[in-house]
Visitor: 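Can you keep this structure in mind? I'll have questions shortly.
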Amino acid sequence: MFFRSPFRARRYFRSGFRLRNNTLILLLIFFLIGLFLHYGGRTEPVVAFWNDLKSLVGLKSDRRASESANPYRAPEPKQEVEVDHTDTEASDDRSMLEKAKSNGKANRAELRVGEEKKLFDFEKLVDFTLPAFGPTDAIIRHDGYTLRYREEYEQADWVSYPLLENEILGDAERKNEQFQPDPMIETGSAISSDYSRSGYDRGHLAPAGDFKFSQQMMRQTFYMSNISPQKPEFNRGVWKSLEEQVRTWALRDKGLYVVTGPVLRPGLPTIGKKNRIAVPEYYYKVILYCNNPDIRMIAFLLKNEESTRSLKQFVVTVDEVEKRTGIDFFPKLPDQLEQQLESTRPSIMIENWFRL
DNA sequence: TTTTTTGT
């Protein structure tokens, strides 16, 4: 509502109250003013309002709706396609191709691995981005990310999620969110007060800033299962820079797959009152770009301490991260391709990712 | 802009 002059506005309101004598109108006006103040400054107020409304009602549809916007992700298979990933013979891939064709969506790609051509369609596999895990592992699936919780360290050792362009560009805010225990951890996750006055930050593994398009998904990054004790100088310094670099790449490349976590091992120092939380010495990130037929990886290994060194100096092979953590990343890739990508020299990774 | 700290 806009008035050309305060006088007209006053006349309008006065006549309104006299005629109806109704406090409901007054309440409505305050409500609208409140809405305007709350959303007026946002870049897309209507979208922000709608997202909040949906998260209030508890609808979980936002992620699924957005998936159609992924420029390269294969559609979910009608039936689950279970493929033994130790077998990478072309026949396997061919049967997947036929299934895709029968769905009318033959969007597979040909990949060159060395001299050979391979049919390559692993995105159709359920959980293709997750690191390898066993039947007794605590795999926790939230809307935006999946993690493996390690009770003995009271934190996750990997967190895996696709990072799409539209997820970074939303309007969700972190200012009203609070750290909460993760209700899905049966053994009980760490709690926020375990970190209080410890001298360590509650560092996000899946960053809140990677889920700006949905308030509900951002809220879920505040579960304590997604949190790890990081030195403030580290969390707010190099680690933050790395997270920003990954978002920049995700925008440039229209989507990436991210796996991140601490390097956990016995004998680490601990913090906490109710729980004993290991304080990791190192953190890693493994990034996969996969827009058939282009595919590349990069890995980072950073010490939990302040640093002013350039990010390039933390690039390592994925093999190196696997050796340190014992985690097998992207096990659903055809073995030969996986082996080739994960052993790529840091200098080549830097060349592939930091140019442009 | 995003990463957090403190209290009841």
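Convention: sequence-line order gives letters A, B, ...; per-chain numbering from 1.
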Visitor: How long is the gap from OG1 on A:Thr260 to CH2 on A:Trp239, to the nearest 0.5 Å?
Guide: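 Rounded to the nearest 0.5 Å, the OG1-CH2 separation comes out at 3.5 Å.
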
Visitor: Need one value for A:Gly203: base, sugar-phosphate or nothing, where a base atom within 4.0 Å counts as base even if backbone is also close, heavy atoms only.
Guide: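 Sugar-phosphate, no base atom in range.
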
Visitor: Which residue, A:Arg202 or A:Ile168, contacts DNA chain B at a nucleotide closer to its 5' end, judged by nearest heavy atom?
Guide: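 That would be A:Ile168.
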
Visitor: Can you tell if the side chain of A:Leu205 reaches within under 4.5 Å of the side chain of A:Tyr283, non-hydrogen atoms only?
Guide: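 Yes. Closest side-chain heavy atoms under 4.5 Å.
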
Visitor: Would you call A:Asp201-A:Arg236 a salt bridge at under 4.0 Å N-O?
Guide: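 Looking at A:Arg236 together with A:Asp201, the answer is yes, because their closest N to O distance falls below 4.0 Å.
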
Visitor: Please classify the nucleic acid contact of A:Gln230 as base, sugar-phosphate, or nothing, using heavy-atom distances under 4.0 Å.
Guide: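 Touches nothing.
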
Visitor: Can you confirm if the NZ or CZ of A:Arg174 lies within 45° of the ring axis of A:Phe222 and under 6.0 Å from the centre of its six-membered ring?
Guide: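 Cation-pi check for A:Arg174 and A:Phe222: fails.
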
Visitor: Quick check on contacts: within residues 276-287 of chain A, what sits under 4.0 Å from DNA chain B by heavy-atom distance?
Guide: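 Going residue by residue through residues 276-287 of chain A, none turns out to have a heavy atom under 4.0 Å of DNA chain B.
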
Visitor: First and last nucleotide of DNA chain B touching chain A, 5' to 3', heavy-atom cut-off 4.0 Å?
Guide: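 Contact span on the strand: B:dT1 to B:dG7.
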
Visitor: State plainly whether the residues A:Glu320 and A:Lys323 are in salt-bridge range, i.e. N to O under 4.0 Å.
Guide: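 Salt bridge between A:Glu320 and A:Lys323, a charged N being under 4.0 Å from a carboxylate O: yes.
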
Visitor: Under a 4.0 Å threshold between the charged nitrogen and the carboxylate oxygen, would A:Glu305 count as salt-bridged to A:Lys231?
Guide: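 Answer for the salt bridge query: no.
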
Visitor: Honestly, is A:Arg309 close enough over A:Phe314, meaning NZ or CZ under 6.0 Å from the six-membered ring centre and within 45° of the axis?
Guide: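 Yes - A:Arg309 lies over the ring of A:Phe314, closer than 6.0 Å to its centre and within 45° of its axis.
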
Visitor: Of A:Pro207 and A:Ser196, whose nearest nucleotide on DNA chain B comes first from the 5' end?
Guide: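 Nearest-nucleotide comparison on DNA chain B picks A:Pro207.
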
Visitor: May I ask you to test the A:Glu338-A:Lys332 pair for a side-chain heavy-atom distance under 4.5 Å?
Guide: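 Contact flag for A:Glu338/A:Lys332 side chains = no.
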
